[in-house]
Amino acid sequence: MRRQRIVEDVSALPTYAFGTTMTTWWGTLGFCVIEGMGFALAIAAYLYLVHVNPQWPLADAPPNHWPGTAVLVILLASLWPNWKAEHDAKEENLPAVRRWLVIMSAIGFVLIAIRFYEFTQLKVRWDQNAYGSATWFLLALHATHIITDLADTVVLTALMFTRHGRGKRFADVEDNAFYWYFVVGSWVPMYLLIYWVPRW
Amino acid sequence: MTGRPHARAALAVLAFAAILGGCQGWQSALDPQGPQARELAWLFWMFLAVLTAIFVAVMIALALALIPRGPPRDDPLAVDPRSERRKNFVVAGLAVATGVTVLVLTGFSYVSQRNLFRVEEEAVIVRVTGHQWWWEVRYEEPDASRTFTTANEIHVPVGKPVKVKLNSADVIHSFWLPNLMGKMDLIPGQENDIRFVAERPGLYRGQCAEFCGLQHARMGLLVVAEEEGAFNRWRDAQIAPAETPTEPERITGQQAFLSRPCVMCHTVRGTGAGGKVAPDLTHIGSRRHLAASTLPMSRGNLAAWIVDPHGIKPGVNMPTIKLDPDDINAIAAYLEGLK
Amino acid sequence: MSDAAVTSGRDLRDTALPDGELHARLSRTWGTGKGLIARLSTVDHKIIGRRYLITAFVFLLLGGALAAAMRIQLARPGNQVLGPDAYNQLFTMHGTTMMFLFAVPVMEAVGVYLVPLMVGTRNIAFPRLNAFSYWTYLFGGIFIWTAFALKVGPDVGWFAYVPLSGPQYGVGKRPDVWAQMITFTEVSALAVAVEIIVTTFKQRAPGMTLDRIPLFVWAMLVTSFAIVFSMPAIVIASTTLILDRLIGTHFYNAAEGGDSLLYQHLFWFFGHPEVYIIFLPATGMVSMIVATFARRPAFGYIPLVLSLIAIGFLSFGLWVHHMFATGLPQLGMSFFTANSMLIAIPNGVQIFCWIATLWGGRPVFRTPLLFVLGFFFIFVIGGLSGIMLASVPIDLQVHDTYFVVAHFHYVLIGGAVFPLLGAVYYWFPKLTGRMMSEAMGRWNFWLAFVGFNLAFFPMHILGLQGMPRRVYTYGPEMGWANLNLLATVGAVILALSFLLFVWNVFSSVRGGAIAGDNPWDAGTLEWATASPPPPQNFDRIPLVTSREPLWAERGAMPVVGGLTVDDRQVLVTTVTDARAELRESSPEPSIWPFLASVALTVLFVGSIFTPWAVVWGAVPVGVALLGWFWPKGDVEDEG
Ligand code: HEA
Ligand code: HEA
Ligand code: CUA
Ligand SMILES: [Cu+2]
């Protein structure tokens with residue numbers, strides 16, 4: 001190994017931080033981009049099928065939009081507790097973080113309940129025709145994202161109630177909140193596509 | 001796979017070779033026989049010339065670059081800014097030249113694309129439906145009674161524009177007649193079409209170009225270009241139902257054929273055989289090849305095919321049907337006679 | 001930011017130690033233990049990268065062996081070495097193996113090994129994810145090859161067009177095997193892409209500003225972005241395909257409102273960028289090798305970087321050129337002709353810059369440079385034949401013929417495999433501490449060069465003479481016999497060159513001349529450390545002052561001090577100007593990524609047999625991930 005001369009000392013630097021300073025933030029962003037791309041392509045495929053079919057939907061009626069609308073409303077409403085969780089995590093305010101995480105977990109469970117209720121209510125089966133397949137596919141795709149983020153949130157919540165609930169974990173809470181914004185944002189176009197495109 | 005039928009197949013193939021061996025430019029894009037193919041060939045040679053020139057130039061530049069010049073480079077970072085600036089200009093210039101070249105090439109490509117797909121009043125409309133692994137050929141006429149179906153062999157009048165409507169009954173195939181025109185896919189649930197003109201009388205071989213399963217390799221196609229008169233005679237003959245045999249052997253052959261499962265799949269117009277999932281055999285005897293250009297037409301090959309289609313074309317959608325030798329020969333005789 | 005955990009007694013810094021002891025202690029901190037569990041748990045990017053590399057080369061040999069078999073079958077007309085069923089599995093497995101199990105992973109392998117060294121950090125970002133992606137890739141490969149051995153190898157071509165691969169015509173489980181193998185490899189490829197992006201963005205040595213990033217790292221960065229944006233398309237395609245097959249959806253069933261061309265659009269939206277995902281890293285290798293053996297910095301750093309980015313962008317607007325014969329609207333298609341041709345400009349700029357780098361100097365003709373010169377010759381031919389294919393009319397003739405087969409082997413082997421072999425000769429000393437035999441190297445090169453051109457040039461002519469691809473045999477009357485025989489002879493010579501290569505590697509690992517840190521007197525950071533590098537890569541993180549730090553700093557290396565010695569820390573820097581901003585802890589080894597990968601394999605393979613596998617299979621995966629992320633409570637986790 002070659003001779004070396006120390007020209008800078010980094011010992012004073014912190015060992016964790018928030019936002020774009022952390023590698024994990026970029027990792028989360030990366031996976032959001034990947035999944036966002038997946039959503040975009042699924043949506044493109046849906047529109048392609050709309051385009052090649054003379055009439056759409058290929059079912060008697062478009063899906064009942066109320067469950068989807070409910071999901072939309074709840075998701076938008078969840079932005080606030082989500083932001084609070086992120087904010088208090090930056091403050092490293094443990095009690096507040098715990099509170100908001102519990103709330104976010106609860107919201108997640110409600111959303112999944114609605115989604116599964118919706119699956120039982122859809123007027124078309126996935127194996128009925130391409131329209132059914134595409135509709136189920138989009139709904140399932142988004143459902144999996146709710147589920148994964150919920151799982152993540154629940155684990156984090158549990159963590160914050162253990163002795164690990166400090167230091168770097170706050171940065172993890174921030175990342176988790178960051179991902180949730182993506183889940184919310186991705187639902188808006190899908191909502192319009194699934195419930196309103198078939199209506200005009 | 002057993003050896004024996006293969007040996008027979010191999011023999012048959014050799015015979016085939018003997019017949020067609022001399023055939024010049026057999027299925028080649030470099031031997032254009034119509035305006036479309038010639039347009040394509042011209043474009044190809046033009047591109048080839050330009051791009052070869054570019055290749056040679058790049059290689060010469062590379063060779064010159066490799067000639068050792070200047071002092072040994074002890075300090076890799078010591079580069080002469082003047083020569084760097086010169087290089088900047090050269091590279092920028094070449095980049096621009098590249099841009100111009102490709103724009104010009106794109107222009108040429110676009111123009112011949114236009115010529116290629118120029119629509120002119122067609123004299124004949126043929127609907128070709130792809131099957132694993134044969135071609136259903138249907139001549140459509142305003143007068144429905146003159147519409148007829150055949151397989152694997154398309155006759156066209158010389159010098160007349162032909163329009164071929166393409167679709168598929170199963171998977172994607174691709175219709176390709178290199179000597180006449182580029183290829184076009186046959187896609188289930190979609191209709192494509194392709195147009196060509198054959199300028200000289202002759203046989204033009206084509207082949208399925210899109211991988212379509214086990215026997216993609218043996219999904220050949222034959223275009224017979226003939227003078228108007230000959231073409232019309234052929235068409236009238238094809239429109240007519242199969243004439244009933246008179247020779248005793250062929251009569252037994254017909255009876256054997258009609259009493260066997262053959263009829264579930266094959267049609268022989270004028271008889272009880274009305275199957276739709278396999279090539280129409282009404283005038284099978286008039287075709288030059290068997291089983292999508294797998295074998296040349298002959299009584300022997302007909303028999304060989306009927307005895308063991310899977311030995312000749314493994315995986316083919318025609319079952320091997322148990323028949324005693326006399327029946328086989330009789331059926332072969334019958335079919336061969338269906339001119 | 002205040003920090004509770006660091007008060008533990010383990011806060012010993014590298015500034016406090018003499019070089020010798022520092023080296024020893026860091027090696028202990030970053031080392032991988034002995035024993036099976038330790039091996040399965042390692043998160044060292046060098047060990048994982050090496051495994052990636054070896055696995056990928058094994059798949060090259062396997063895929064090549066299949067190719068050899070195909071060439072034997074095609075050597076004579078009416079040959080009966082292989083029947084249609086065997087042949088169709090062979091070319092499908094060959095293409096699939098080469099593209100998904102060799103070409104893409106091998107480039108990632110080199111990236112995983114070299115990027116952290118080139119940017120001067122101690123481990124790749126998300127090292128456990130890195131371990132996970134390797135295992136997933138390995139299991140995916142084993143899975144499809146096991147299926148092949150059991151005669152359920154896919155037989156529908158490497159792009160498995162529907163309806164042939166769909167529920168109606170796809171035989172048994174064969175297309176399912178293909179589709180799931182895709183899912184395996186894409187998961188791992190996407191993970192590696194994210195690791196490399198983050199490593200390049202955040203873990204560059206201080207002072208390595210954007211315009212000092214080595215060109216190979218730039219290439220890997222652009223490649224990773226191409227992966228991130230293109231691979232979701234193939235995941236969607238293969239998923240919808242398998243849904244059609246397993247639970248009766250109708251995405252591709254024309255009878256029920258589906259459309260088979262949708263599949264082709266999805267596939268090629270990935271498939272075209274895919275070929276540049278294979279090609280761009282190779283251009284990065286070429287840039288490094290050319291610079292070293294021309295003994296000067298690469299000419300036109302900025303244009304080279306811009307070309308990489310331009311190719312990355314353009315590659316997303318080309319996919320339709322694989323579908324010119326499907327009857328799409330004429331005008332739309334000519335747009336894709338234009339795009340496909342435009343990409344000649346950035347590709348040309350690269351070629352010109354490399355030639356300009358060599359120009360007027362004293363090139364050192366060692367084996368790595370020979371392979372790069374072979375690359376110039378072969379790739380330019382392949383690129384130019386690509387320009388022909390880009391023209392709609394010409395493509396209508398040669399599409400799906402051996403002309404295309406010739407094109408893509410010229411660009412894949414000439415454009416990617418030749419630089420890769422050059423790269424192996426070039427970086428082998430770094431990996432093993434020993435040089436490869438130069439004499440054998442020259443033989444290797446000339447055999448490969450001659451064999452390759454003999455094997456693949458005739459295919460251009462065959463294609464024009466009307467020989468379609470994917471045919472298991474052809475009649476003697478077609479007049480294709482001689483050129484096919486020639487191609488087969490070439491393939492055999494090519495195979496010999498590969499065998500010689502393998503032999504050279506094995507003999508040099510033991511017997512090769514000792515290399516030392518920097519045998520080629522190259523300029524970039526990977527050569528600043530020992531060969532092979534210690535577990536910690538660098539005892540102290542270098543401080544970068546120029547594009548070729550080792551050429552600029554002939555004396556003592558400027559480095560930064562202050563990282564902890566007894567637990568794993570990497571230096572995190574700012575994205576653009578690489579100012580040190582964080583001493584982030586880097587994960588310890590863990591068995592969980594391996595277990596998670598096993599669980600995922602169970603889920604994927606199970607899903608072929610019952611959709612419910614996705615449900616119950618998710619449980620073990622969840623457990624494994626929990627074990628993976630649940631903190632161990634030491635400094636490393638708490639930060
Ligand atoms: C490493 C992989 C790689 C690379 C780099 C390329 C590069 C290119 N490819 Fe290729 N291609 C494949 C891999 C690759 N391809 C594969 C695997 C297939 C087949 C898939 C399948 O069907 O199985 C395929 C198929 C394929 C097709 C479809 C053919 C068909 O199926 O009918 C087309 C059509 O446009 C095409 C075009 C191009 C073009 C225009 C380039 C350009 O990027 C080339 C640009 C480079 C140059 C032009 C040379 C250098 C430039 C100069 C020296 C400057 C001067 C040049 C000019 C002025 C022109 N390719
Ligand atoms: C990087 C990718 C890559 C590489 C390196 C290769 C390498 C080779 N390919 Fe490949 N090829 C493809 C990608 C690649 N191919 C793709 C994508 C297709 C399309 C598939 C499809 O249509 O779906 C294809 C299709 C294809 C065909 C067309 C098949 C058809 O359409 O019917 C042919 C035919 O000659 C061929 C030949 C070869 C040959 C001779 C080599 C040679 O370079 C191989 C040389 C190497 C060896 C021969 C290995 C050497 C070692 C040994 C032989 C010893 C064996 C040892 C062990 C097994 C342990 N390839
Ligand atoms: Cu039909 Cu290939
Ligand atoms: Cu392409």
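Everything quoted here is computed from the prediction, not taken from an experiment.
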Please look at C:Val570 and chain A and tell me whether the side chain, the backbone, both or neither of the residue comes under 4.5 angstrom of a heavy atom of that chain.
-> neither
Ion pair A:Arg5/C:Glu553, N-O distance below 4.0 Å | yes
If you count heavy-atom pairs under 4.5 Å between each of C:Ala556, C:Pro232, C:Gly562 and chain A, which one has the most?
-> C:Ala556
Residues at least two apart in sequence or cross-chain that pass salt bridge (charged side-chain N to carboxylate O under 4.0 Å, His left out) with A:Glu35, listed by chain then number, are none
Would you say the side chain of C:Phe126 lies within less than 4.5 Å of the side chain of A:Thr24, judging by non-hydrogen atoms?
-> yes
What part of C:Val198 is in contact with chain A, defined as an atom under 4.5 angstrom from a non-hydrogen atom: side chain, backbone, both or neither?
-> side chain
Spatial distance of atom CG (A:Leu41) from atom CD1 (C:Ile234) [nearest 0.5 Å] | 11.0 Å
Using non-hydrogen atoms and a 4.5 Å limit, figure out which bit of C:Leu571 sits close to chain A: side chain, backbone, both or neither.
-> side chain
Counting only heavy atoms closer than 4.5 Å, note whether C:Arg579 contacts chain A via side chain, backbone, both or neither.
-> neither
More than 12 non-hydrogen atoms from neighbouring residues, nucleotides or ligands closer than 6.0 Å to CZ on A:Phe161, yes or no?
-> yes
Under 4.5 Å from a heavy atom of chain C, the part of A:Leu58 involved | side chain
Can you tell if the side chain of A:Leu29 reaches within under 4.5 Å of the side chain of C:Phe201, non-hydrogen atoms only?
-> no
Residue selection (most heavy-atom pairs with chain A, distance under 4.5 Å) from C:Ser224, C:Pro558, C:Ala255 = C:Pro558
Could you look at C:Tyr252 and say if it's the side chain, the backbone, both or neither that has a heavy atom under 4.5 Å from chain A?
-> neither
Chain C contacts: which residues in residues 127-134 of chain A have a non-hydrogen atom closer than 4.5 Å to it?
-> A:Asp127, A:Gln128, A:Asn129, A:Ala130, A:Ser133, A:Ala134
For each of C:Ala233, C:Ala125, C:Gly248, tally heavy-atom pairs with chain A at distances under 4.5 Å, and name the one with the top tally.
-> C:Gly248
Select one option (side chain, backbone, both, neither) describing which atoms of C:Val235 are under 4.5 Å from chain A's heavy atoms.
-> neither
Are there more than 12 heavy atoms of other residues, nucleotides or ligands under 6.0 Å from atom CH2 of A:Trp196?
-> yes
Report yes or no: does C:Lys202 contribute a side-chain atom to a donor-acceptor pair with the main-chain N or O of A:Thr20 at less than 3.5 Å?
-> yes
Verify, without hydrogens or angle tests, whether C:Arg540 (side chain) and A:Gln4 (backbone) share a donor-acceptor contact under 3.5 angstrom.
-> no
Quick one: are A:Phe31 and C:Val194 in side-chain contact, heavy atoms under 4.5 Å?
-> yes
Interatomic spacing from CG in C:Leu190 to CD1 in A:Ile34 - rounded to 0.5 Å = 4.5 Å
Contact winner vs chain A - C:Gln569, C:Gln203, C:Glu581, C:Glu195, heavy-atom pairs under 4.5 Å | C:Glu581
Examine distances only and state if a side-chain atom of A:Trp136 and a backbone atom of C:Thr249 form a donor-acceptor pair shorter than 3.5 Å.
-> no
Taken to the nearest 0.5 Å, the spacing of C:Leu262 CG from A:Tyr46 OH works out to 13.5 Å
Mind listing the closest non-hydrogen atom pair of A:Glu8 and C:Leu543 along with its distance?
-> OE1-CD1, 3.2 Å
Whatever's closer than 4.5 Å to a heavy atom in chain C on A:Thr162 counts as side chain
When every non-hydrogen atom of C:Leu261 is compared with those of A:Tyr48, the smallest separation belongs to CB-OH, 3.6 Å
C:Pro631 versus A:Lys168: any side-chain heavy-atom pair under 4.5 Å?
-> no
So which part of A:Ala42 gets closer than 4.5 Å to some heavy atom of chain C, the side chain, the backbone, both or neither?
-> both
Residue part contacting chain A, namely of C:Leu626, when any heavy atom lies under 4.5 Å = side chain
Do you know the tightest heavy-atom contact between C:Ala580 and A:Val10?
-> CB-CG1, 3.9 Å
Is the number of heavy atoms from other residues, nucleotides or ligands under 6.0 Å of A:Phe116 CZ greater than 12?
-> no
Going by heavy atoms in the side chains, are C:Phe629 and A:Val155 under 4.5 Å from each other?
-> no
For A:Thr21 and C:Leu582, the nearest pair of non-hydrogen atoms, with its separation, is O-CD2, 4.0 Å
Starting at CZ of A:Phe137, measure out to CD1 of C:Ile236 and round the result to the nearest 0.5 Å.
-> 4.5 Å
Let me know if A:Asp9 has heavy atoms under 4.5 Å from chain C in its side chain, its backbone, both or neither.
-> both
Interface moiety of C:Asp259 toward chain A, non-hydrogen atoms closer than 4.5 Å | both
Considering only heavy atoms, which portion of C:Ser531 lies under 4.5 Å from any heavy atom of chain A: side chain, backbone, both, or neither?
-> neither
Side-chain heavy atoms of A:Met37 within contact of C:Val228, under 4.5 Å = no
